[in-house]
Participant: 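I have a structure I would like to understand better, so I am pasting it below and will then ask my questions one at a time.
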Amino acid sequence: MGRREIPQGQKIKKLAVGKFRKAKSTKNRPSGNSASPKNQKVGRREIPQGQKIKKLAVGKFRKAKKSKNRPSGNSASPNKLKMGRREIPQTQNRMNKKLTSLSAIRSLTTLIVFLATGYAYLVPLANVLRYHEQHHLFRFTADYFRQTLAEEGLLRYATNFVVQFFFHPWLGAMVMATLLTLIFVGVEGMLKRLLFGRALPLCLGLVPVLLLLIYTETTAHDLCWVVLSAVLIGVGWLVVALLSRFTSWLPLFSIQKPWSTKAQAISLLLTGMTALGAGYVGFVKHYPAKEGILLQTVFHARQGDWPAVLRYTQRYLDAGKTNPLIAYFHTMALYHAGQLPARLFDYPASLGVQTLYFPWRGNAAEAEFGGMLFEQLGLLNEALHWETEALVVDGATAPHLVNLARYNIVLGKPRVAQVFIEQLKHTLFYRGQAKQLEQQLRAGRVPHLRDALRGADREGVRFTNVQNLGPELQYLLQHDPHNRMVFDYLMAQLLLSNHVSLFARQLPRIRAFHVAALPSCYEEALLIYQMGVDKATFARCGFTVSPDTRARFARYMQLTGQGNQPLLQQEFGRTYWYYLNYLSPYGHQVIEESQEAHQNGIKQL
């Protein structure tokens, strides 16, 4: 243009200022001022003869129509297409499409990884995250940082920081899903830059994700490995990215040709089948179902949702399994449902009195939950003792700090309670509860928490029996005779420990609760007691045995004499008679008490 010669036959656009009209070209007549017979002159530009001129306007442009069967004038070859001023071979265009398809597949796979792991931690593994949150409490203090760094290290400090977000189940699931997704993306990025130079559709990043997901499905495994893996893979990804940018020896195995659509489909199918197989093995076949039920039971017990506790414990016991913690919460839920005497022997009580409480043995799990029973019984001094022991074992966790503050408020120890409240103030999610505890501290009472021995004479020294709950229940009934939970637990403890005679002596206390009729297990124990004493002694207890109970006992003795054990268990497996003769861990006979033993309390078991 200007002094530049344009080849013949090329289409150009005429640039002008303002409005333009399409110049008409004369087919075989040269312009008068042309420099050569084959060229025409337009202004100062020489245009080849026979060329069509199009107007180029400043502003809006119209797209030139392409001829169907005629190649572009500046086409270098039939295998190249014209895109603006850039020529791209058709093979390169197909390669770009494949790479775009692979990138979309990787993005979709990343989203699936995030959603799948988020669902796993929000639904089936929600109790695992809740367990970790209840056993680790992150505090924003310098003392906590120094103590954790000195005792457990920086990794534990970082893990506890992550765990604090498990307070909300949805937030905990999102945090864990984000960590695993970052691990997936990091592994995929490192393989691309370090080994192959191109993303692969194999999704090898799923391998560590599945392994960590299966690893964290039980509370026995620590979450430190997830945090450590995320940190190491993130640092590794950054290092590899820097090396690939400033060095020429990466990637090690460069793949130039992109994967075909068929290869991508086959590899993704194999990856999906592997992921499903690993998920089946990890979650369906080897998922700790018993642990899941136990964690659900503990969660609902702490929330005071006793119908849910009863539902989960029954599911566990219906499977024919035995667990002291399940039996402990099952009995507690039966009381809150008003069904403890009626359903005490619904399941084989082979644990004896440990169905009701934990004798002190220094067990960590028992120490953590043993104080819950004493809190509900109203024996707060003993509940405080158990929580203090649990604090030593588990450390300063949120449940222990809250309970210790509550107990000290009711027991009249405000300065001690304030120490535990201050710990809660420096947390992210328990600050609101700390403020509520401070309000209760100023009021001097805690809702739904009472000390059954508040008005008792506390002169002198009295030691608590940490092995046998019976004497403590008797002592509580003397000072709180209308405490129904204490009475039900005392009766259950006497029956389970084979103390039928002492049971008969304590049974008149039931009149304080205006019970219409005796539970069947009480009548069954009374019948056994009647058979071992004279009429005058039995009459002093003030109760009688119904004819129906006597008829059932005659049937029981008949089947016992026949030796028909399966039928005997089917008809009488839920009776006190069957427990006493076949299941009691203290022998298969009644334990007789002397008058001296009766005065000094229940016999040590």
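Computation of the quantities below employed the complete heavy-atom set of this structure, encompassing side-chain atoms and omitting hydrogens, waters and symmetry-equivalent molecules. Numbers here are sequence positions counted from 1.
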Participant: Do any N or O atoms from the side chain of Q164 and from the backbone of L137 form a donor-acceptor pair under 3.5 angstrom?
Facilitator: no
Participant: Using the ring centroid of each side chain, check whether H221 and Y215 are separated by less than 6.0 Å.
Facilitator: yes
Participant: Any chance the rings of H400 and F420 have centres within less than 6.0 Å?
Facilitator: no
Participant: Of the options V163, V162, T159, which is the one that meets H136 in a side chain to side chain contact (heavy atoms under 4.5 Å, CB included)?
Facilitator: V163
Participant: Can any side-chain N or O of T464 pair as donor or acceptor with the backbone N or O of V466 at less than 3.5 Å?
Facilitator: no
Participant: Taking the six-membered ring for Trp, are Y522 and F503 closer than 6.0 Å centroid to centroid?
Facilitator: yes
Participant: With a 3.5 Å distance limit and no angle check, can you tell me whether Q506 reaches the backbone of M491 through a side-chain donor-acceptor pair?
Facilitator: no
Participant: So among M485, R450, R454, which one has a side chain to side chain contact (heavy atoms under 4.5 Å, CB included) with D480?
Facilitator: R450
Participant: Compute the ring centroids of F358 and Y328, then answer whether they are less than 6.0 Å apart.
Facilitator: yes
Participant: Can R484 be said to sit on top of Y335's aromatic six-ring, NZ or CZ under 6.0 Å from centre and within 45° of the ring axis?
Facilitator: no
Participant: If only atom types and distance count, is the side chain of W577 paired as donor or acceptor with the main-chain N or O of F572 below 3.5 Å?
Facilitator: no
Participant: Between R343 and D346, is the closest basic N to carboxylate O distance under 4.0 Å?
Facilitator: yes
Participant: Just by distance, do the side chain of H499 and the backbone of S497 share a donor-acceptor pair under 3.5 Å?
Facilitator: yes
